[in-house]
Amino acid sequence: MSEILLDKIENRGIEKGLKLVACRLLADGTLTIDKIAEYCQLSIDEVKELAKEKG
């Protein structure tokens with residue numbers, strides 16, 4: 001595989017992992033959506049969407 005393709009696959013895995021962490025933080029309920037977005041390097045809209053999906 002090309003290096004570019006491997007980088008894309010790796011980035012998708014990292015993003016998926018960050019979204020899983022965000023879901024756990026949302027379930028815990030102690031942090032705000034803004035803080036979860038900041039700590040997980042996701043947009044606020046992405047975290048809000050995850051909250052809707054899990055809600």
Side-chain angles (χ1 to χ4, degrees):
M1 278 191 234
S2 74
E3 191 171 325
I4 294 171
L5 182 57
L6 290 173
D7 285 345
K8 286 183 181 182
I9 292 169
E10 182 179 342
N11 287 341
R12 286 186 196 148
I14 292 169
E15 184 178 347
K16 184 176 181 180
L18 290 170
K19 286 183 178 183
L20 287 172
V21 170
C23 287
R24 289 181 180 168
L25 292 171
L26 285 165
D28 183 53
T30 57
L31 294 174
T32 65
I33 287 177
D34 292 349
K35 283 295 179 187
I36 293 170
E38 178 184 341
Y39 296 154
C40 293
Q41 299 175 350
L42 300 170
S43 72
I44 292 171
D45 289 336
E46 284 176 303
V47 177
K48 285 180 180 178
E49 188 63 34
L50 289 172
K52 283 184 200 175
E53 291 173 9
K54 302 297 178 187

Report all side-chain donor-acceptor pairs from residues 24-32 shorter than 3.5 Å, counting only partners two or more places apart or in another chain.
| residue | atom | partner | partner atom | Å |
| --- | --- | --- | --- | --- |
| D28 | OD2 | T30 | OG1 | 2.6 |
| T32 | OG1 | K35 | N | 3.1 |

Solution key, residues 39-49 side-chain donor-acceptor pairs under 3.5 Å, sequence neighbours excluded:
| residue | atom | partner | partner atom | Å |
| --- | --- | --- | --- | --- |
| S43 | OG | E46 | N | 3.0 |
| S43 | OG | E46 | OE1 | 3.3 |
| E46 | OE1 | S43 | N | 2.8 |

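Contact check for L50 versus E53: side-chain heavy atoms found under the 4.5 Å cut-off.
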